[in-house]
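Here's the structure, in C-alpha cells; my notes come after.
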Amino acid sequence: MPTQILMPALSPTMEEGKLAKWLVKEGDVVKSGKVIAEIETDKATMEVEAVDEGIIHQILIAAGTDKVKVNTPIATLLAEGETAGAPAPATVKPAPAASPAGSQAPAIAASASTAAGGMAGAAASGSANFLRPPMLGGTGGDAKASTSLAGSRMFVSPLARRLAKDNGIDLANVKGSGPHGRIIQRDLANAAKGSSPSPGKSQATALTPVTGSGQLQSSGGAGGIQPMADDKILALYEKDSFEVLPHDGMRRIIAERLTQSKSTVPHFYLSVDVRLDTLLSARERLNARSPKEGPRVYKLSVNDFIIKALALALQNVPAANATWTTQGMLRHRHSDVGVAVAVEGGLFTPVIRHAELKTLAEISNEMKDLAERARKRRLAPHEYQGGTTSISNLGMFGIKSFDAVINPPHATILAVGAGEKIPVVNGDKIEIATVMSATMSCDHRVVDGTLGAELLNSFKSFIEDPVRMLV
C-alpha cells in the first residue's frame, strides 16, 4: 500500500503554501537528501528534500497549485519491492517542524495554530511525511499528540493541549474540526464562545496565543470592534470604477500582524535629531581602506552604522532589550536586530543575530546577502523570525521622519529618516550640519518613557561618535 507524502510545514506559522514545482515525476526513484519539490509560502520559496527512499507512485497535487493546506497528501511513495496493493510500511514518520533556536513569532507571520496542529497531525492520522526543508533539517511532531479519554481516541494538537491547560478548558467538551476530528486552536476559541465551527472554516475573531505566554486573546481588534464589511465598502463606489486585486499570503499576514500590534501593544514615540557629519567622514575613510577584491571586501552604508549603534545601545540599556509576556519579561542577552527590507507586495525583516559582537564590515556583508535573498524570497524562516528590535529606514526615499509600527514580539522599533544639511546652533555660532531624525516606537508595557529616552540617547551617542563602535 503506498505511503502518503504530505504537504510539509516549513515553519512554525505555515498554514498553507503553493506547490510551485515538482523536481521528480511518477516512477522516479528517490533517495534520502534528494531535492524533490519547491514550495512557496507567504514569505519565501523553499526546496524540500526526501528523508526516505522509494519510488514516486502517484503525484496527487499538480505543480502550480496554490493554497495547499499543511498535511494535505500531495503524492504517494512505494518502498523498494512494494506494490500498490501491499501493506503500508510499519514505520510512521511525523510531519517536519521548523523550530530554529531562538525563533519566536515571525517579523511578519500569522498564528502558529494550524502549522503546530498540522505537525502533530501526521503522527495522529498514521500518514508518513518524508519531506523536510534542507536548510532547517530534522523532523518534528509530538508523540503525545493523541490521548485516550472515556474509552475513545481523542486527537489534540500540542498547541491546543497547552492552551487548554493554560486556560482551564476541558478538552472532553471540545469538538475537533481538524483532520480526523483533531482538536486544534480555533476549536478552543469556539468552545470558549459556546459554539463549534464546521471543519475547515476559520473564525474571523479566533483566539490566538500571545507569543511566549499562551494567553488567549481576541484578534478582532481593540474592544472587539469589527472592520467595515466588504459589501458596505463596495457600496461606496460606482460599479466598474475599480478592480479587485486579491490579497496574496504576504499581504494578508502583514495586515493581521500590524492590526494585532496596534490593537494590543500600547505604542508611544520618542524622537531625536542626530548629527551625521563625523559618521559620514569615518565611513568615507573606512570604505577607502576596503580591499579591492577577495572575501574581506566591504562597502559600508549609513544603515550598517545604524544597526551597530542600536545593537550597542541595547547592551548599554539592557532593560530595553526585552519582550513582554504575561508570565514575565524576557530579558535578551544579545542584540538581534531586524531590518525592514521592501520586496514586491510587502516586506521582510531579516535579522542580524548578535549584532553587538560583529564588526561593521561583517554586518554590511551579511545585510547585503540577506536583503538580496529577501527580494528573491529565498530566506529561511529562522533568518527573519525572532529578533529583539527592528529598524525601518526610509531615508533613501527622502522621508524626513515617521512613526513605525512595532513588530511583535519586539518592544521597540527605530524609524530612521533622511540626513539633510540644515543650520544648527553650536554655542553662539550657526553651523551647517547633516542631521538625521530618528524616532523610537516603544511598547509601554516594557519600555517606559525614561528608559526609552535613555536607549535613544545611547544610540545617538554612538552615531555621533562612531569611533566607539570600532572597539
Side-chain angles (χ1 to χ4, degrees), residues 102 107 272-318 320-321 332-342 348-375 379 383-384 386-396 404 410 412-420 433-440 455-471:
V272 68
D273 287 336
V274 184
R275 292 189 62 161
L276 294 179
D277 301 278
T278 304
L279 184 150
L280 294 174
S281 177
R283 170 177 171 261
E284 184 178 359
R285 294 199 305 273
L286 288 171
N287 282 340
R289 293 175 177 270
S290 170
K292 302 303 179 184
E293 57 184 19
R296 299 184 63 186
V297 173
Y298 62 84
K299 185 176 181 181
L300 303 179
S301 68
V302 173
N303 206 52
D304 300 327
F305 284 87
I306 292 171
I307 295 169
K308 179 73 171 182
L310 183 56
L312 292 174
L314 286 170
Q315 294 300 306
N316 278 355
V317 190
N321 194 27
H332 303 289
R333 296 186 179 88
H334 294 287
S335 301
D336 297 336
V337 182
V339 182
V341 175
F348 276 92
T349 309
V351 180
I352 303 291
R353 310 281 177 184
H354 299 188
E356 80 279 8
L357 302 177
K358 294 177 178 176
T359 66
L360 287 164
E362 289 173 331
I363 290 173
S364 179
N365 290 333
E366 184 175 343
M367 192 64 235
K368 286 182 177 65
D369 172 64
L370 289 171
E372 181 180 352
R373 290 192 289 116
R375 295 186 182 102
L379 291 179
E383 293 178 305
Y384 58 79
T388 65
T389 190
S390 299
I391 294 171
S392 181
N393 189 344
L394 295 179
M396 65 285 294
H410 300 170
T412 56
I413 183 171
L414 184 67
V416 179
E420 58 178 353
T434 304
V435 177
M436 174 187 76
S437 174
T439 301
M440 182 77 73
L455 176 64
L456 197 54
N457 282 322
S458 179
F459 166 79
K460 176 179 178 177
S461 70
F462 282 111
I463 292 293
E464 294 188 338
D465 189 12
V467 70
R468 296 172 57 205
M469 292 188 253
L470 304 179
V471 294

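The main-chain N or O of S364 is never found under 3.5 Å from a side-chain atom of K358 such that the two would form a donor-acceptor pair.
A salt bridge does not link K308 with D304: none of the charged nitrogens is closer than 4.0 Å to a carboxylate oxygen.
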Chi angles and distances behind the side-chain contact (heavy atoms from CB on, under 4.5 Å) call for V302, L280:
CA-CA 8 Å; V302 173; L280 294 174; 3.8 Å; yes
Would F462 and L310 count as a side-chain contact (heavy atoms from CB on, under 4.5 Å) if you check the C-alpha gap in whole Å, the side-chain angles of each, and the deciding distance to 0.1 Å?
CA-CA 8 Å; F462 282 111; L310 183 56; over 6 Å; no
Before giving the answer on side-chain contact (heavy atoms from CB on, under 4.5 Å), spell out for E356 and L314 the whole-Å C-alpha distance, their side-chain angles and the decisive distance to 0.1 Å.
CA-CA 9 Å; E356 80 279 8; L314 286 170; over 6 Å; no
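Atom NZ of K368 has more than 12 neighbouring heavy atoms from other residues, nucleotides or ligands inside a 6.0 Å radius. Other residues, nucleotides and ligands contribute over 12 non-hydrogen atoms within 6.0 Å of the CZ atom of R468.
Ring planes of Y384 and F348: perpendicular class, angle over 60° (limits at 30 and 60°).
Residues H334 and L357 form a side-chain contact, since some pair of their non-hydrogen atoms from C-beta on lies under 4.5 Å apart. E383 places a side-chain heavy atom less than 4.5 Å from the side chain of L370. Between V297 and K292 there is no side-chain heavy-atom pair separated by less than 4.5 Å.
No side-chain N or O of T388 forms a donor-acceptor pair with one of H332 less than 3.5 Å apart.
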